[in-house]
**Q** 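Supplied in structure tokens, the structure appears directly below.
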Amino acid sequence: MAMRLPNDAVVGSVAAVGGVGGVGAPSSESDPRVLHRRRGGPTALRILLGSQLRRLREDKRISTEDAAWVIRGSHSKISRMELGRVGFKERDVADLLTLYGVTDPADRDGLLELAREANSPGWWHHYGDVLPSWFETYLGLEEAAALVRTYDVHCVPELLQSEGYAGAVLRLQHPDASEADLRRRVRVRMTRQERFARPGAPVLWALIDEAVLRRPVGGRDVMRDQLRHLVAMADVPTVTVQIVPFAARRPVLASPPFTVLRFAEADLPDVVYLEHLTTALYLDRGPDVEAYLGRVEQLADVALPPDLTVRFLLELLHAV
């Protein structure tokens with residue numbers, strides 16, 4: 001039977017994000033600046049500010065073309081701003097607020113401050129020397145996501161890797177990297193995992209092909225530590241781990257690894273992330289997303305349920 005996470009399983013600060021509404025003085029539960037302090041990350045702030053600007057524009061029944069004319073931009077620029085896909089120039093936000101009739105100094109100052117914070121670099125900016133720019137984009141989206149669904153047939157998903165396993169994988173991926181660079185890359189992965197130990201943690205649903213666990217990486221001790229780490233992570237309330245076994249009750253074709261990100265704002269589309277050797281694809285068109293969500297359901301339908309997954313991991317741990 002498929003393991004399905006209902007939409008309302010997106011927990012933690014989701015209600016707070018979705019509650020960002022009118023321009024008046026927001027409560028601590030809906031203020032995007034409070035959310036920024038809880039979850040961090042400029043991408044989350046850009047998404048929230050963009051959503052706020054869209055609501056203001058629609059409330060005044062102003063077209064994207066008219067809004068674009070005011071900031072000397074294009075229709076597509078307004079769309080990218082409202083989706084949080086680009087940074088915000090403070091002057092553009094100020095001009096849009098004037099167009100939308102936001103004249104109260106307190107309201108304007110709050111949103112302009114949010115624009116300034118949204119342009120601040122994320123924590124991963126300090127690792128720019130070892131991260132490709134296309135992956136920094138993903139880190140911002142991951143930081144803002146309320147639900148992360150991921151499938152891998154090659155390695156343990158990065159958000160579930162132990163430190164030793166991550167180091168071994170990165171050594172294979174970057175054989176010419178220095179030890180200092182490898183340590184910094186490992187630090188990025190470990191920092192990403194820290195979110196799941198904090199209040200308001202996002203939901204993580206990981207599907208892992210059995211081949212991943214049968215493939216020795218880093219030696220016996222590293223694999224044993226990785227299996228123990230998976231068992232521990234499976235016990236985290238917001239984390240679901242399922243193994244797709246070789247002996248699945250129904251055959252299913254293995255897919256290339258992919259991740260589907262869902263955001264707390266209901267009107268923001270899911271994003272599918274596909275990583276390649278030297279670049280990545282970000283898909284948010286409805287048919288594309290639905291195809292990958294369908295694959296998630298197919299894989300979950302033949303995967304071991306969470307309790308049997310833990311039993312499988314423990315048995316494998318004893319056999320390694």
Side-chain angles (χ1 to χ4, degrees), residues 36-47 85-87 117-145 148 150-198 200-202 204 206 208 212-213 215-230 232-233 236 238-239 241 256-259 261 271 273-282:
H36 171 53
R37 289 190 290 272
R38 287 180 183 172
R39 296 177 61 190
T43 303
L45 289 180
R46 288 199 296 268
I47 290 173
R85 301 289 173 80
V86 294
E117 293 185 23
N119 286 329
S120 63
W123 61 262
W124 51 89
H125 175 75
H126 299 292
Y127 298 90
D129 58 321
V130 295
L131 295 176
S133 59
W134 49 264
F135 187 63
E136 291 188 48
T137 300
Y138 171 77
L139 291 177
L141 293 171
E142 183 184 88
E143 188 84 3
V148 179
T150 188
Y151 168 72
D152 210 312
V153 69
H154 301 310
C155 302
V156 172
E158 293 177 7
L159 291 173
L160 293 175
Q161 290 180 3
S162 67
E163 188 167 352
Y165 184 94
V169 169
L170 286 164
R171 219 169 253 105
L172 292 171
Q173 293 174 334
H174 306 278
D176 298 326
S178 68
E179 286 300 313
D181 281 356
L182 287 172
R183 285 194 296 271
R184 286 172 62 73
R185 293 175 190 273
V186 170
R187 186 67 255 154
V188 170
R189 293 195 182 179
M190 298 302 103
T191 301
R192 289 163 60 194
Q193 295 181 19
E194 290 173 3
R195 293 182 65 205
F196 297 94
R198 300 173 189 158
L204 172 62
I208 308 172
V212 169
L213 305 177
R215 183 175 296 115
V217 175
R220 180 174 180 271
D221 289 343
V222 168
M223 287 304 299
R224 287 178 60 82
D225 185 55
Q226 176 61 71
L227 291 169
R228 283 191 290 264
H229 185 67
L230 282 173
M233 289 299 295
V236 175
T238 55
V239 176
V241 181
F258 64 88
T259 297
L261 303 171
V271 174
Y273 173 72
L274 301 167
E275 185 172 315
H276 302 298
L277 188 61
T278 59
T279 188
L281 289 178
Y282 298 84

**Q** Which is it for Glu179 and Arg171 under the salt bridge (charged side-chain N to carboxylate O under 4.0 Å, His left out) test, yes or no, and what are the steps along the way?
**A** CA-CA 9 Å; Glu179 286 300 313; Arg171 219 169 253 105; 3.2 Å; yes

**Q** For Leu160 versus His229, what's the shortest heavy-atom pair and its separation?
**A**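 Reported closest heavy-atom pair: O-CD2, 3.0 Å.
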
**Q** Taking all atoms of both residues into account, what is the closest heavy-atom pair of Val188 and Trp123, and its distance?
**A**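 Nearest heavy atoms, Val188 then Trp123: O-CH2, 3.7 Å.
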
**Q** Under 4.5 Å between any side-chain heavy atoms of Thr259 and Asp152, yes or no?
**A**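 No. Closest side-chain heavy atoms not under 4.5 Å.
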
**Q** Does Glu194 reach the side chain of Arg198, with side-chain heavy atoms less than 4.5 Å apart?
**A**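 In contact.
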
**Q** What I'd like to find out is whether the side chain of Glu158 reaches to under 4.5 Å of the side chain of Gln193, using heavy atoms alone.
**A**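 No, their side chains stay 4.5 Å or more apart.
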
**Q** Are the side chain of Arg215 and the backbone N or O of Cys155 linked by a donor-acceptor pair below 3.5 Å?
**A**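 Not at all, since once roles are kept as given, no pair shorter than 3.5 Å links the two residues.
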
**Q** Centroid-to-centroid, Phe258 to Tyr273, below 6.0 Å?
**A**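 No, too far apart.
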
**Q** Tell me if a side-chain donor or acceptor on Arg184 pairs with a main-chain N or O of His126 at a distance below 3.5 Å.
**A**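 Looks like yes, one N/O pair under 3.5 Å.
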
**Q** What I want to check is whether the side chains of Tyr138 and Glu142 have a donor and an acceptor closer together than 3.5 Å.
**A**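 Side-chain D/A pair, Tyr138 to Glu142: present.
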
**Q** Let me confirm one number: the CG-NE2 distance from Leu172 to His154, rounded to the nearest 0.5 Å.
**A**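 The CG atom of Leu172 sits 13.5 Å away from the NE2 atom of His154.
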
**Q** Roughly how far, to the nearest 0.5 Å, is the CH2 atom of Trp124 from the CD atom of Glu143?
**A**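 Output value for this atom pair is 5.0 Å.
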
**Q** Would you check if Pro42 and Glu117 make a side-chain contact, meaning some heavy-atom pair closer than 4.5 Å?
**A**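 Not in contact.
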
**Q** Which atom names give the shortest non-hydrogen contact between Leu230 and Leu213, and what distance separates them?
**A**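 Taking Leu230 first and Leu213 second, the nearest heavy atoms are CD1-CD2, 3.8 Å.
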
**Q** Has His125 got more than 12 heavy atoms of other residues, nucleotides or ligands less than 6.0 Å from its NE2?
**A**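 No, because the 6.0 Å sphere around NE2 of His125 holds 12 heavy atoms or fewer from other groups.
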
**Q** Quick one, Pro202 and Thr238 - any side-chain contact, counting heavy atoms below 4.5 Å?
**A**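 Sidechains of Thr238 and Pro202: no contact.
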
**Q** Under a 4.5 Å cut-off applied to non-hydrogen side-chain atoms, are Asp225 and Tyr165 in contact?
**A**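 No, side chains not in contact.
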
**Q** Test side chain to side chain contact (heavy atoms under 4.5 Å, CB included) on Leu281 and His276; report intermediate values, then the result.
**A** CA-CA 8 Å; Leu281 289 178; His276 302 298; 3.8 Å; yes

**Q** Minimum heavy-atom separation for Gln226 to Val156, with atom names?
**A**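 Taking every non-hydrogen atom into account, NE2-CG1, 3.8 Å.
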
**Q** Regarding Glu275 and Trp134, is there a side-chain donor-to-acceptor distance under 3.5 Å anywhere?
**A**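 No - no donor-acceptor pair under 3.5 Å links their side chains.
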
**Q** Could you measure the distance from the CZ atom of Arg183 to the CG atom of Leu170? Nearest 0.5 Å is fine.
**A**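 Between atom CZ of Arg183 and atom CG of Leu170 there are 13.0 Å.
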
**Q** Give me the atom names and distance for the closest heavy-atom approach of Leu159 to Arg192.
**A**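 Heavy atoms of Leu159 and Arg192 come nearest at CD2-CB, 3.9 Å.
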
**Q** Measure across Ala166 and Val186 and return the closest heavy-atom pair with its distance rounded to 0.1 Å.
**A**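 Taking every non-hydrogen atom into account, C-CG2, 4.2 Å.
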
**Q** Between Leu139 and Leu141, is the side chain to side chain contact (heavy atoms under 4.5 Å, CB included) condition met? List the steps.
**A** CA-CA 5 Å; Leu139 291 177; Leu141 293 171; over 6 Å; no

**Q** Hey, could you give me the CZ/CG distance between Arg187 and Leu182, rounded to the nearest 0.5 Å?
**A**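 Going from CZ on Arg187 over to CG on Leu182, the span is 14.5 Å.
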
**Q** Are side-chain heavy atoms of Asp181 and His174 found at a separation under 4.5 Å?
**A**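 Counting from C-beta outward, Asp181 and His174 never come under 4.5 Å.
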
**Q** Do side-chain atoms of Arg189 reach the backbone of Glu163 as a donor and acceptor pair under 3.5 angstrom?
**A**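 No; zero donor-acceptor contacts below 3.5 Å.
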
**Q** Quick one: are Pro256 and Tyr151 in side-chain contact, heavy atoms under 4.5 Å?
**A**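 The answer is no; the side chains never approach within 4.5 Å.
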
